[in-house]
Amino acid sequence: MHAVQISAVIIQWPNACACCCRTPDTTVTVTSTREKGKKVVHVQSKSWKIPYCDDCLKHIEAAKNLSNFSAKPPVHGTGGIIGCGFMLALVPCCLCFLGDWYVLLGIGSGLVLLVGTIVFAIVTYPQCKNRYELQLREVETQRGRLETTLERLVSNDCVLHDQLAVDYDGWKGTVHTFLFSSEKFARLFRLANPGKCLQDGQIHH
């Protein structure tokens, strides 16, 4: 990222989207907060409205939705049935600790529940399989829509797909530090604030 420090009370923002540098039509507020004092804590916050275009904000949202969506595959119902059945089969086994004939009762009841679970899983497997395949197709369809949306919104000039391209790294006096993902936007920012920028460079997180 490109770090730019600027000493100014009034900061001018270029008429360009912070991500793709096309004409902006909206803004996003970035904020930095700091605390001072030990006994009495004073909280200070400063924020700035960063220009963006609507398409870039939409592709950021689409990229995040795609990432979160991919982490939630459907679950096969048969696995859930077997898992619950095994857990239930263990419950009667607790009778074994009572001794004598409770041992046979506990083991017998557990085996009955276990066999019943296996039979139920076999009987319901076709239905669970069809439901799983249907959910999987729905997942793939929705993922495909998100991928298509993302491809449509992202341009070759976009620097990031899933996060904002500007971060506010705080201030000291009148000196503010901004982190820009786009080198082009950082250059436009310096041009919009002649004589105010102290330094710039690249940092790595």
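In what follows, residues are counted from 1 in the order of the sequence shown. Hydrogens, waters and symmetry mates are skipped; everything else that's a heavy atom, side chains included, is used.
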- Task: Just do the side chain to side chain contact (heavy atoms under 4.5 Å, CB included) check on Arg152 and Asp55 with the steps written out, would you?
- Result: CA-CA 9 Å; Arg152 177 175 57 83; Asp55 280 352; 5.6 Å; no
- Start with the C-alpha distance between Lys46 and Ser32, add both sets of side-chain angles, then the distance that settles side chain to side chain contact (heavy atoms under 4.5 Å, CB included), and finish with yes or no. CA-CA 6 Å; Lys46 288 185 182 294; Ser32 179; 5.7 Å; no
- Message: Before you tell me yes or no, could you show the steps for Cys21 and Ser182 under side chain to side chain contact (heavy atoms under 4.5 Å, CB included), namely the whole-Å CA-CA distance, both residues' side-chain angles and the distance that decides it to 0.1 Å?
- Response: CA-CA 8 Å; Cys21 291; Ser182 169; 3.9 Å; yes
- For Arg137 and Leu134, what are the C-alpha separation, side-chain angles and deciding distance, and is it a side chain to side chain contact (heavy atoms under 4.5 Å, CB included)? CA-CA 5 Å; Arg137 285 195 297 269; Leu134 177 61; 3.8 Å; yes
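To the nearest 0.5 Å, the span separating NZ on Lys64 from CG on Leu146 amounts to 14.5 Å. To the nearest 0.5 angstrom, Asp157 atom CG is 10.0 Å from Cys53 atom SG. Note that the SG atom of Cys197 and the CD atom of Gln5 stand 10.0 Å from one another [nearest 0.5 Å]. Cys19 contributes atom SG, which lies 12.0 Å from atom NZ of Lys184 (distance to the nearest 0.5 angstrom). From Asn193, atom CG reaches atom OG of Ser7 across 11.0 Å, with rounding to the nearest 0.5 Å. Between the CG atom of Asp162 and the CD1 atom of Ile60 there is a distance of 8.0 Å, given to the nearest 0.5 Å.
The shortest heavy-atom contact between Ser47 and Thr29 is CB-CG2, 3.6 Å. Of all heavy-atom pairs spanning Lys172 and Arg34, the tightest one is CA-NH1, 4.1 Å. In this structure, Val43 and Thr33 approach most closely via the heavy-atom pair CG1-CG2, 3.4 Å. Between Met1 and Ser181 the shortest heavy-atom distance is CE-OG, 3.4 Å. Here the closest non-hydrogen pair linking Val166 and Phe180 is CG2-CD2, 3.6 Å. Heavy-atom minimum distance, Pro14 versus Phe185: CG-CE1, 3.5 Å.
Classified by interplanar angle (parallel below 30°, tilted 30° to 60°, perpendicular above 60°), the ring pair Trp48/Trp13 is tilted.
Taking hydrophobic clusters as Ile, Leu, Val, Met, Phe, Trp and Tyr residues chained together by side-chain heavy-atom distances below 4.5 Å, Val154 does not share a cluster with Val159. Residues Leu164 and Ile11 are members of one and the same hydrophobic cluster, defined by side-chain heavy-atom contacts under 4.5 angstrom among Ile, Leu, Val, Met, Phe, Trp and Tyr. Both Val30 and Phe189 sit in one connected hydrophobic cluster of ILVMFWY residues. Membership requires side-chain heavy atoms under 4.5 Å apart, directly or through other members.
Of the candidates Val28, Thr27, Asp25, Leu57 forms a side chain to side chain contact (heavy atoms under 4.5 Å, CB included) with just one, namely Val28. Just one of Ile6, Val9, Thr174, Val175 meets the side chain to side chain contact (heavy atoms under 4.5 Å, CB included) condition when paired with Lys196; it is Ile6.
The local environment of CZ in Arg145 is sparse, with at most 12 non-hydrogen atoms from other residues, nucleotides or ligands closer than 6.0 Å.
Side-chain contact annotation: Thr31 with Ser45, donor-acceptor N/O pair under 3.5 Å absent.
Checked against the 6.0 Å centroid threshold, Trp171 and Phe178 do not count as a close aromatic pair.
Under a 3.5 Å cut-off, the side chain of His59 and the backbone N or O of His161 do form a donor-acceptor pair. Although no hydrogens or angles enter the test, the distance criterion places no donor-acceptor pair under 3.5 Å between the side chain of Ser67 and the main chain of Ala63. Between the Tyr52 side chain and the Ala165 main chain, a donor and an acceptor come within less than 3.5 Å of each other.
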